[in-house]
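Every number for a ligand or one of its atoms is a count from 1 in the order of the listing. We're numbering straight along the sequence, starting at 1. This structure is a prediction, so every number in the text was calculated from the model and none was measured.
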Amino acid sequence: MACSENMFFLIVLFMSGVLACFGQRDLIATMPDKLDGLTGSCVEIPCSFDIPEQHKDKFNSAIQTSGVWIKESPQFGGSPDNVIFNSSETVNRYQGNITGNMSQKYCTTVLFNVTTSYTNRYFFRIESQPFRATDNEKSVKIVVRDLPSSPNITVSGEVKEGTPVSLNCFAVAPCPEHPPELTWTLPTQFTTEKQLHENPDLTKSVLSMVTFTPSYLHHEKNITCTAVYPVGTSNKTAEHNMMLNVSFSPKNTSASISPADPVLVGSCVNLTCSSTANPPVTNFTWFQISGDKRIQVASGLSYSLNVTVGDGGLYFCEARNSQGCGKSKEVQLAIKEPKTSMVVGVAAGTLGAFLFISLISVFVWRRNSRLHDGLESTDNPQGQNSPVGTVCANQATAGEEPEEPAEDQSEEIHYGDIDFSKLQPKETPAAAQDRVQGQESEYAEVNVTGRGDKVQHRNNLDGLYAQVN
Ligand SMILES: *[C@@H]1O[C@H](CO)[C@@H](O)[C@H](O)[C@H]1NC(C)=O
Ligand SMILES: *[C@@H]1O[C@H](CO)[C@@H](O)[C@H](O)[C@H]1NC(C)=O
Ligand SMILES: *[C@@H]1O[C@H](CO)[C@@H](O)[C@H](O)[C@H]1NC(C)=O
Ligand SMILES: *[C@@H]1O[C@H](CO)[C@@H](O)[C@H](O)[C@H]1NC(C)=O
Ligand SMILES: *[C@@H]1O[C@H](CO)[C@@H](O)[C@H](O)[C@H]1NC(C)=O
Ligand SMILES: *[C@@H]1O[C@H](CO)[C@@H](O)[C@H](O)[C@H]1NC(C)=O
Ligand SMILES: *[C@@H]1O[C@H](CO)[C@@H](O)[C@H](O)[C@H]1NC(C)=O
Ligand SMILES: *[C@@H]1O[C@H](CO)[C@@H](O)[C@H](O)[C@H]1NC(C)=O
Ligand SMILES: *[C@@H]1O[C@H](CO)[C@@H](O)[C@H](O)[C@H]1NC(C)=O
Ligand SMILES: *[C@@H]1O[C@H](CO)[C@@H](O)[C@H](O)[C@H]1NC(C)=O
Ligand SMILES: *[C@@H]1O[C@H](CO)[C@@H](O)[C@H](O)[C@H]1NC(C)=O
């Protein structure tokens, strides 16, 4: 029981201490802990007061009550200069005005034309007949700066492509009579809505809400909220930059095949999928098109296979993340099959010669533009050209070709059809050079065109080829 007795005394001691504390407080002022001011502008101090119970009888709201602001310390006896505002005086150290209705216990005060020297703590005091009291516990810290503080941007909810999203920009308005003007800079169309917002501590902010519909093109783009504070005849600005993080389903999904040229059965081929997505792709899936069906053949960024006869055909990949999926264009895995070449070759040779000559000029012209298209067009050649164009026979073997010039290799398809490099040993160095020097192969192709008649040799040599194999 000794324990609970001790507790009791402790509680009594604590309560009396609290009461003593409140007892000493002759006035209870309510105001923010801290305010930010801007040089040359005004500062409004939201303020109200109350009379503690023990003094209630001494305060008469019907009697004219004046408000006094004291800086630094509530005791001004020794330093009367600390009394910076007294509503009974016509001239004060600080220019200001008590805008609150004192008889309703509102003491909201506006200080005009503040400067950095105003940065201090301020106490409030009331003076009436006969009651005079200072709240020596509560003070407001005013910090005046030459430049405004930056506004805040908050995002409510997820920023997802295609889903309208709202962002809020808050800027403090220490001088509500001259609030800042908020403007947005966004990479897209938007609508805004603004309002003067009262914070829990009764200070004011200007709130501007912007609504827009993000697209994946806005990912990692900056948005800015700019606050323009009118100060006298000029403006002071502060801004907040934010980089958008837009969640989007896989985009620019493309499949590439390495080596790009037709391969012999038994060689290794890599199919690689690429895509941009946020969050990153979690699942790549490979499909082969068989007739009008799509058959899932693998999952993973790349699909490596040791080619068998049945593997030839069209493939595409699908990239998936939490936002959805993207599908690549189809790529052709072409298999060099000597026997087929012979049968088709005889028939197609003559026709091919015509097609080839007429297509060459088109390709030379198109290549020029495509070469500048960058990586994304990796899967375009197959997508844009007829599948016939991709059936070809280059001498590339697995792993021999660098991956980057894949685009050029798929173009070389056309010599492949003729297979000069094999037929005419003299051509081999040139052909090899073509492969190394991507762009120069254009000229090589032109040369080949000039030898259209030599295509005829193909038939004979196809037979030879077949025999060799
Ligand atoms: C405020 O002004 C009144 C009238 O001049 C004066 O009587 C009073 O003492 C002043 N209060 C303070 C704290 O200086
Ligand atoms: C002080 O505030 C009151 C009430 O808002 C207003 O009527 C008065 O004109 C103001 N005085 C000055 C000097 O701004
Ligand atoms: C202040 O409040 C009193 C009492 O409610 C009222 O009579 C007076 O008109 C108010 N003064 C102003 C300036 O609003
Ligand atoms: C504000 O204060 C500055 C210097 O203290 C003074 O030059 C200026 O005239 C004042 N402006 C107003 C509107 O009182
Ligand atoms: C800005 O955000 C910070 C951190 O969340 C907060 O402390 C500050 O009060 C905010 N300012 C405004 C003007 O809302
Ligand atoms: C200040 O900004 C406002 C818009 O917020 C603009 O209309 C005004 O022309 C600007 N004044 C100066 C002096 O730049
Ligand atoms: C985007 O904002 C960052 C700071 O948040 C800045 O460093 C960058 O230069 C800005 N980029 C553009 C394009 O404005
Ligand atoms: C491909 O498979 C065949 C038969 O299984 C094998 O002989 C050949 O070495 C393999 N090729 C590669 C490059 O793995
Ligand atoms: C952007 O958002 C994605 C998905 O919501 C998240 O995984 C990633 O960490 C975010 N990045 C940044 C820089 O916030
Ligand atoms: C990837 O997606 C495919 C097809 O939707 C599914 O069969 C496979 O299980 C998925 N893999 C993972 C690791 O989620
Ligand atoms: C296929 O990809 C694997 C792993 O990325 C690599 O080790 C291999 O050399 C590639 N093969 C070819 C033929 O590109």
Numbered atoms of ligand 1 (with element) below 4.0 Å of N86, judged on heavy atoms: 1 (C), 2 (O), 3 (C), 8 (C), 10 (C), 11 (N), 12 (C), 14 (O)
So, is E89 polar-close to ligand 1, with some N/O to N/O distance under 3.5 Å? yes
Got a salt bridge between D33 and K138, using NZ or NE/NH1/NH2 to carboxylate O under 4.0 Å? yes
Output yes when the distance from some N or O of ligand 1 to some N or O of R125 is under 3.5 Å, and no in every other case. no
N120: which of K71, K141, E72 passes side-chain hydrogen bond (donor to acceptor under 3.5 Å, both in side chains): E72
What atoms of ligand 1 come closer than 4.0 angstrom to any heavy atom of F76? 13 (C)
Determine yes or no for a side-chain-to-main-chain donor-acceptor pair under 3.5 angstrom, with S73 supplying the side chain and Q75 the backbone. yes
Numbered in order shown, the ligand 1 atoms found under 4.0 Å of a heavy atom of S88 are 2 (O), 3 (C), 4 (C)
Atoms of ligand 1 less than 4.0 Å from E127 heavy atoms? 1 (C), 8 (C), 10 (C), 11 (N), 12 (C), 13 (C)
How long is the gap from CD on E181 to OG1 on T226, to the nearest 0.5 Å? 11.0 Å
The single option from Q323, E161, R320 that satisfies side-chain hydrogen bond (donor to acceptor under 3.5 Å, both in side chains) with S249 is E161
With no hydrogens and no angle check, just 3.5 Å: does a side-chain donor-acceptor pair link T224 and N241? yes
Taking 4.0 angstrom as the limit and counting only heavy atoms of S103, give me the atoms of ligand 3 inside it, by number and element. 1 (C), 2 (O), 3 (C)
Of W69, F112, Y118, which meets ring pair (Phe, Tyr, Trp, His ring centres under 6.0 Å) against Y94? Y118
Atom pairs, nitrogen or oxygen, ligand 9 to protein, under 3.5 angstrom:
{"residue": "ligand 9", "atom": "2 (O)", "partner": "N245", "partner atom": "OD1", "Å": "3.0"}
{"residue": "ligand 9", "atom": "2 (O)", "partner": "N245", "partner atom": "ND2", "Å": "2.5"}
{"residue": "ligand 9", "atom": "11 (N)", "partner": "N245", "partner atom": "ND2", "Å": "2.7"}
{"residue": "ligand 9", "atom": "14 (O)", "partner": "N245", "partner atom": "ND2", "Å": "3.1"}

Can a donor-acceptor pair be found, under 3.5 Å and without considering hydrogens, that links the side chain of N278 to the backbone of V246? yes
The atoms of ligand 3 lying under 4.0 Å from a heavy atom of Q104, numbered in the order shown, are 2 (O), 4 (C), 5 (O)
Stepwise, does the side chain to side chain contact (heavy atoms under 4.5 Å, CB included) test hold for I51 with I126? CA-CA 10 Å; I51 311 298; I126 59 166; 3.8 Å; yes
Disulfide bond (SG atoms under 2.5 Å apart) partners of residues 76-152, not counting sequence neighbours, each pair once: C47-C107
